[in-house]
Amino acid sequence: MEEYEALESIGSGSFGLIRKVRRKSDGKILARKEIDYRKMSTKEKEQLVAEVNILKDLKHPNIVEFLERVIDRENSFIYILMEYCEGGDLASVIRRHREKSVLIPEEFVWSIMTQLTMALHECHCGMSRNEETNQPMPRAAILHRDLKPDNVFLDANKNVKLGDFGLSRSLSNPQKAFAQTYVGTPFYMSPELISESIYDIKSDIWSLGCVVFEMCALEPPFLADTQAQLSAKIKLGRIQTLPSQYSYELNVVIRSMLQLSPRKRPTTTELLANPKIKVCKKHLE
Ligand SMILES: CNC(=O)c1c(C)[nH]c(/C=C2\C(=O)Nc3ccc(Cl)cc32)c1C
């Protein structure tokens, strides 16, 4: 680890803390997830291997870039080096707006939703390369499974970076396609998880709806003091109206993602076909 100068801790991710580091060779600032694997169970070690393998394959402007994994056997630490996102996490952006009672501008909401939809599209529908022919080929869908404002990061230019694939899964085995157990954050748990503990790509769409709703309402769509009350509210699916400054189109797209039936929720392809999102996407290119 002599290649990197350790700077301050900037947060916590799945399995360990996130530290800002400076690469000594060129002074580049990076983020380093530091994991003490002595404390990890076998299942957690398997999850960590899965996370690194998934992150290595996902190269997209809206997904945090994975640079390298370093094993420090002397101290039993694994370090995952990733791109630094100067703007921090979306949860802090929402919290700052809530504390100041200032709503997030609708244009920024569309921009974040567009970029997160493109990141999820890469996860759900991305291609990989055939090792022999180097030709692009479809790969199994990757489920993020823990999409929440704490796992969405902003770089210096307000580009959105989906991070922390610590709970993600590749649907490489079709038989397992819809039989993934759920371990995510309760506020963003979809109705199908509560009733059947089944997770699929439409569950990521539900979580995306929760994140976009929270950017507008400055609180999650479903809040309760206990898991039982939260589960009951989610299964009822009733959401409060958004502040009146937000447009009809934004309300419609958020409600489409928060449909109780997974089949009724849009795919990332359908979301990206939305004229409002197309406008944003052009602006981002
Ligand atoms: C208070 N902390 C921050 O503002 C903050 C900053 C400046 N960066 C981050 C986090 C990350 C960061 O900068 N790069 C990352 C790559 C992967 C993951 Cl899971 C997290 C990060 C955070 C939480």
Side-chain angles (χ1 to χ4, degrees), residues 1 3-23 26-37 39-40 44-45 47-71 77-100 104 108 112 115-116 118-120 122-123 126 142-170 183-185 187-188 204 207-208 210-211 214-215 218:
M1 284 319 298
E3 282 177 60
Y4 300 94
E5 178 192 349
L7 304 173
E8 71 271 23
S9 162
I10 50 179
S12 60
S14 54
F15 305 120
L17 73 80
I18 312 272
R19 182 183 302 278
K20 185 176 177 179
V21 297
R22 179 182 291 112
R23 190 162 58 191
D26 59 2
K28 187 174 173 63
I29 297 294
L30 298 171
R32 181 174 77 184
K33 190 191 281 190
E34 303 179 343
I35 299 141
D36 179 348
Y37 61 81
K39 303 175 188 168
M40 292 178 75
E44 284 171 331
K45 286 176 186 167
Q47 264 183 271
L48 179 62
V49 169
E51 175 188 356
V52 172
N53 290 336
I54 281 172
L55 259 183
K56 273 195 300 191
D57 286 348
L58 285 173
K59 297 286 178 210
H60 187 274
N62 295 120
I63 294 175
V64 290
E65 183 188 1
F66 166 87
L67 284 94
E68 68 166 323
R69 180 203 64 191
V70 178
I71 299 179
F77 264 82
I78 293 177
Y79 299 103
I80 301 179
L81 278 299
M82 296 172 281
E83 73 177 289
Y84 179 66
C85 305
E86 183 180 307
D89 60 275
L90 183 62
S92 303
V93 171
I94 294 169
R95 186 181 318 113
R96 282 196 292 271
H97 279 81
R98 186 170 56 245
E99 286 161 357
K100 291 185 289 187
I104 296 175
F108 188 51
I112 300 284
Q115 296 180 69
L116 282 179
M118 292 195 281
L120 276 186
E122 177 61 21
C123 293
I142 289 169
L143 309 182
H144 188 278
R145 303 202 319 157
D146 197 20
L147 177 55
K148 56 185 178 180
D150 313 71
N151 284 344
V152 175
F153 304 97
L154 298 161
D155 71 5
N157 312 311
K158 289 205 171 175
N159 290 315
V160 166
K161 306 282 179 174
L162 181 53
D164 221 330
F165 285 71
L167 299 177
S168 57
R169 280 294 172 278
S170 166
V183 286
T185 309
F187 287 139
Y188 308 89
D204 276 346
S207 302
L208 176 61
C210 291
V211 170
E214 186 169 345
M215 288 187 71
L218 301 180

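Keep in mind it's a predicted model, so treat the numbers as computed, not measured. Every number for a ligand or one of its atoms is a count from 1 in the order of the listing.
Around ligand 1 you find Ile10, Ile18, Ala31, Val64, Met82, Glu83, Tyr84, Cys85, Glu86, Gly88, Asp89, Phe153, Asp164, each with a heavy-atom distance below 4.0 Å.
For Lys56, the side-chain contact (heavy atoms from CB on, under 4.5 Å) partners are Val52, Asn53, Phe66, not counting sequence neighbours.
In the model, Glu65 has no side-chain atom that pairs as donor or acceptor with a side-chain atom of Tyr84 under 3.5 Å.
Using a distance-only test at 3.5 Å, with no hydrogens or angles considered, no donor-acceptor pair links the side chain of Asn62 to the main chain of Leu116. Formation of a donor-acceptor pair under 3.5 Å by the Asn151 side chain with backbone atoms of Gly163 is not found in this model.
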Could you please spell out the steps behind the side chain to side chain donor-acceptor pair (under 3.5 Å) verdict for Asp89 and Ser92?
CA-CA 6 Å; Asp89 60 275; Ser92 303; 3.0 Å; yes
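Partner Glu5 forms a side-chain hydrogen bond (donor to acceptor under 3.5 Å, both in side chains) with one of Arg22, Lys20, Arg23 and no other, that one being Arg22.
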